*Asks:* 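Take this structure, written in structure tokens, and hold onto it; I'll ask about it next.
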2 protein chains.
Amino acid sequence: MTGSVRDDVALGALGESLGFLLRLSQLESFRDFYHGLGDLGMRPGEFSVLMLIAENPRIRQGVLAKKLMIKRAHMTKMVQAMEAEGLVGRSVPEDDKRSIELHLTKAGHARIAAMRTPFEAHEARNLTRLSDAELAEAKRLLKKYLGLPE
Amino acid sequence: MTGSVRDDVALGALGESLGFLLRLSQLESFRDFYHGLGDLGMRPGEFSVLMLIAENPRIRQGVLAKKLMIKRAHMTKMVQAMEAEGLVGRSVPEDDKRSIELHLTKAGHARIAAMRTPFEAHEARNLTRLSDAELAEAKRLLKKYLGLPE
DNA sequence: TATTGTTATACTCTATAACTATA
DNA sequence: TATAGTTATAGAGTATAACAATA
């Protein structure tokens, strides 16, 4: 039996640290993501890349990397893996031949479509402890913290 | 010059995802942590371990690992490194010789004391975009999301 | 000169399983 | 048998620097 010893832990100043709370919350959220979408063979980071390409066809790798706070070197590997999987296509634009534009293949769109319902279920699960209003307020505050538009 | 192309990116459904917002917010917060405390040779995770040991003398490794959502195998390595640095001491309690109790050494306490002011400055920096009241509300909501006491 | 994407390297973090010693 | 910590291994994420092609 677990918890028999005494595992109530005082958090002290850490319990009032935004960064600490963000870290734990993010781990909790990712855990739920894997719980609901793990079988679909996609991690949160990959999912976000796919979603952003879908929303922004012909987006460039560097722009995508910056937006997702992923290093360009890492983005290269992710995108190459997704291209090998047949989810993403790449093309060099005429106006800047250094860069690479990304788009979803048919399979990429299908993958997103397949994940949509379990993803929404995952999002809905966040309501177990937070009310609708609280969840909305939490999102609003995080967006403001990030400097994102309302 | 950066931003000359057009790097306004539509987030779509992702922009309304709590997990996605948590992820970006956490990265932003950690970035600031490194900016303010990086020179002190301690990462956010190590700092949280040190703080929790300080708050809970004689805490057991497994309890600490569970609270911080760190795998026990990883916690072993972290604690060993901190012991090698002379920050943490370990002892086997009489009542359960399988387990290990942790405490801070004098150097460990000194390290925390040295980090206190820059850590508070880091926390204060979170107020640049959020008001006092908003920051407090954000923390309250995250704690509730985590199932932590008020 | 600066930027885009690439490659290579190293380190951290995570996940898993097998192991030991205790319970 | 179950649990606490350890070890080993593999994979994923991150950071950095050097490079080629292009701007």
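Nothing here was measured: the structure is a model prediction, and the numbers come from that model. Sequence lines set the chain letters: A, B, ... in the order given, protein chains first and strands last, and positions in each chain run from 1.
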*Asks:* Examine dG13(D): is either OP1 or OP2 under 4.0 Å from a nitrogen or oxygen in the side chain of Arg43(A)? Give yes or no.
*Replies:* yes
*Asks:* Considering residues at least two apart in sequence or located in another chain, which fulfil the side-chain hydrogen bond (donor to acceptor under 3.5 Å, both in side chains) criterion with Glu16(A)?
*Replies:* Lys143(B)
*Asks:* Will you find, in the side chains of Ser99(B) and Gln61(B), an N or O donor that is under 3.5 Å from an N or O acceptor?
*Replies:* no
*Asks:* What is the distance, to the nearest angstrom, from the CZ atom on Arg90(A) to the C1' atom on dT4(C)?
*Replies:* 12 Å
*Asks:* Have a look at Met115(A) and tell me which of His122(A), Met42(A), Met51(A) forms a side chain to side chain contact (heavy atoms under 4.5 Å, CB included) with it.
*Replies:* Met42(A)
*Asks:* Ile100(B) side chain: which of dT6(D), dT22(D), dA23(C) is closest?
*Replies:* dT6(D)
*Asks:* In residues 69-81 of chain B, which ones come under 4.0 Å of DNA chain C, going by heavy atoms?
*Replies:* Lys71(B), Ala73(B), His74(B), Lys77(B)
*Asks:* How close or far is atom C1' of dC13(C) from atom CD of Gln26(B), stated in whole angstroms?
*Replies:* 12 Å
*Asks:* To the nearest 10 degrees, how far apart in direction are the end axes of the helix from dT1(C)-dA23(D) to dA23(C)-dT1(D), each fit to five base pairs?
*Replies:* 0°
*Asks:* Can you tell me if Asn56(B) uses its side chain to pair, donor with acceptor, with the backbone of Val9(A) under 3.5 Å?
*Replies:* no
*Asks:* Calculate the interatomic distance between Arg60(B) atom CZ and dT22(C) atom P; express it in whole Å.
*Replies:* 15 Å
*Asks:* Could you tell me whether Asp95(B) atom CG has more than 12 heavy atoms of other residues or ligands within 6.0 Å of it?
*Replies:* yes
*Asks:* If you count the non-hydrogen atoms of other residues, nucleotides and ligands that lie under 6.0 Å from NE2 in His35(A), is the total more than 12?
*Replies:* no
*Asks:* Which whole-number value in Å describes the distance from Arg23(B) CZ to dA12(D) C1'?
*Replies:* 11 Å
*Asks:* Rounded off to whole Å, could you give me the CG-to-C1' distance for the Leu102(B) and dT6(D) pair?
*Replies:* 14 Å
*Asks:* Is a side-chain donor or acceptor of Glu46(B) paired with a backbone partner of Arg43(B) at a separation under 3.5 angstrom?
*Replies:* yes
*Asks:* Any sub-3.5 Å donor-acceptor pair from Glu134(A)'s side-chain atoms to Ser131(A)'s backbone N or O?
*Replies:* yes
*Asks:* Should we count CZ of Arg90(B) as having more than 12 external heavy atoms under 6.0 Å?
*Replies:* yes
*Asks:* Please work out if Arg31(B) contacts a base, only the sugar-phosphate, or nothing of the nucleic acid, heavy-atom cut-off 4.0 Å.
*Replies:* nothing
*Asks:* Rounded to whole Å, please give me the gap between CD in Gln61(B) and P in dA21(C).
*Replies:* 17 Å
*Asks:* For Ile59(A) and dG5(C), give me the distance from atom CD1 to atom C1', rounded to whole Å.
*Replies:* 15 Å
*Asks:* If I take atom CG in residue Asp95(A) and atom C1' in nucleotide dT3(C), what distance separates them, rounded to the nearest angstrom?
*Replies:* 14 Å
